[in-house]
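Okay, structure first, notes after.
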Amino acid sequence: MSQPQYLTGQKESIQDFLSNYDIFLFDCDGVLWSGDHLFDGTVATLEMLRAAGKRVVFVTNNSTKSRKDYCKKLEGMGIPATEEEVFGSSYSAAVYIARILPERHPDLKSKPKVFVIGESGIEQELDSEGVPHIGGTDPSLRRLGIDPDDYTKIAAGDPTILDPEVGVVLTGLDFHFNYLKMCLAYHYIKRGAIFLATNIDSTLPNAGALFAGAGTMSAPLVKMLGGEEPVALGKPSQAMMDAIEGKFKFDRSRTCMVGDRANTDIRFGLEGKLGGTLGVLTGVSTKEEFLEGDTRPHFYVDKLSDLLAAK
Ligand SMILES: O=C(O)[C@H](O)[C@H](O)COP(=O)(O)O
Ligand SMILES: [Mg+2]
């Protein structure tokens, strides 16, 4: 496995690096920002790339926001973006459920609903694909604990608490995760619902530290199910790469994935056989992970704005 090339401070190497690609797939959390803190130089770097005629696509595993929400966040941070340039794991999952799953599971016709563990981004993208859903931000599920008659109703399969039309359970980052949602999801899956996840990132970078990621919502279910893992539709899933390629018709050899996480972003680019991958050290993965781990980027920098040295 070749050693990643360190580009920070190397003007000629950065110029050479940039000349090899026409499209840059940008991860968001940990690359452009940490939560709502935009990293210095991010706007100037994206402006430089776009001025040089490079195509920029934002590819995020954060399912709490829809493409529309991300456009607002990007614009609010001084980064012009259209919905066409944003591809999130919630959209990837919605497209998969609406367009791929029915072909493989005709029985879903009678069970078209999705039980969501997650935030509004998932609900909005399911709506955009015409997929009915329950759970998610439903305030009635945000109560703490579980009532005694919840146990009885769930155990009896009472349709007032276990909707018989649910055929899919979809988990994503949920800031209101609780015991009741976990038990409902478990019983839907035990009754035959297909177990999907927008993504299974273990941690979420925010405020320069790490917090519970989307994977911590699906992990309890995996434990309860004796090890059954969900099909995850975000990075590094190649279903997401194929959907992005189908939409942007790009030349993979002239495309570079830029990310902060080895086991999602860099793996996504390597397995997608992209021309290049660039790791940045402002998010989850450490320099040691990039240099010694089993998923190494072609290149890496301290921070995204190091690319401005090419000017
Ligand atoms: O837990 C999560 O969902 C992820 O940490 C997070 O949202 C990743 O977002 P990305 O870095 O792919 O923009
Ligand atoms: Mg990231």
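Only heavy atoms go into these numbers, but all of them, side chains included; no hydrogens, no water, no symmetry mates. For clarity, every value in this text was computed on a predicted model and none was experimentally measured. When a ligand or atom number is given, it counts from 1 through the structure's own listing order.
Nearest non-hydrogen protein atom to atom 10 (P) of ligand 1 is Asp27 OD1, 2.8 Å. For atom 13 (O) of ligand 1, the closest non-hydrogen atom of the protein is Thr60 OG1, 2.6 Å. Nearest protein heavy-atom contact of atom 9 (O) of ligand 1 is Asp29 OD2, 3.2 Å.
Under a cutoff of 6.0 Å and an axis angle of 45°, Arg296 and Phe290 do not form a cation-pi pair.
Under the side-chain contact (heavy atoms from CB on, under 4.5 Å) criterion, Ala310 pairs with Ile14, Gln15, Leu18, sequence neighbours left out. In this structure, the side-chain hydrogen bond (donor to acceptor under 3.5 Å, both in side chains) partners of Asp22, at least two apart in sequence or on a different chain, are Arg254.
Interface of Gly213 with ligand 1, defined as ligand atoms under 4.0 Å from a residue heavy atom, comprises 1 (O). Shown in contact with Leu204 at under 4.0 Å from a heavy atom are these atoms of ligand 1, numbered in order with element: 5 (O), 6 (C), 7 (O). Numbered from 1 in the order shown, with element, the atoms of ligand 1 that lie under 4.0 Å from a heavy atom of Asp201 read 1 (O), 2 (C), 4 (C), 5 (O), 8 (C).
Ring centroid separation for the pair Tyr6 and Tyr300 comes in under the 6.0 Å cut-off. A ring-centre distance under 6.0 Å is not found for Phe58 and Phe87.
Under the salt bridge (Lys or Arg N to Asp or Glu O under 4.0 Å) criterion, the residue pairs touching residues 24-38 are Asp27-Lys235, Asp36-Lys73, with sequence neighbours excluded.
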Step-by-step side chain to side chain donor-acceptor pair (under 3.5 Å) determination, His37 to Asn206: CA-CA 8 Å; His37 167 71; Asn206 199 324; over 6 Å; no
Salt bridge (Lys or Arg N to Asp or Glu O under 4.0 Å) between Glu85 and Lys247, intermediate numbers included: CA-CA 10 Å; Glu85 291 173 317; Lys247 187 166 187 174; over 6 Å; no
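Judged purely by distance below 3.5 Å, without hydrogens or angles, the side chains of Asp69 and Ser66 pair a donor atom with an acceptor atom.
Nearest heavy-atom pair across Ala193 and Val168 is CB-N, 4.0 Å.
Ligand 1 has an N or O atom lying under 3.5 Å from an N or O atom of Cys28, backbone or side chain. An N or O contact shorter than 3.5 Å links Thr203 to ligand 1 by distance. An N or O contact shorter than 3.5 Å links Ala214 to ligand 1 by distance.
With a heavy-atom cut-off of 4.0 Å, Arg261 does not touch ligand 1 at all.
Within the protein, the number of N/O/S atoms found under 2.8 Å from the Mg ion (ligand 2) is 3.
Nearest residue to atom 2 (C) of ligand 1 from Val31, Asn61, Asn199 is Asn199 (criterion: closest heavy atom).
For the salt bridge (charged side-chain N to carboxylate O under 4.0 Å, His left out) with Asp242, the qualifying choice from Arg252, Lys273, Lys249 is Arg252, the only one to do so.
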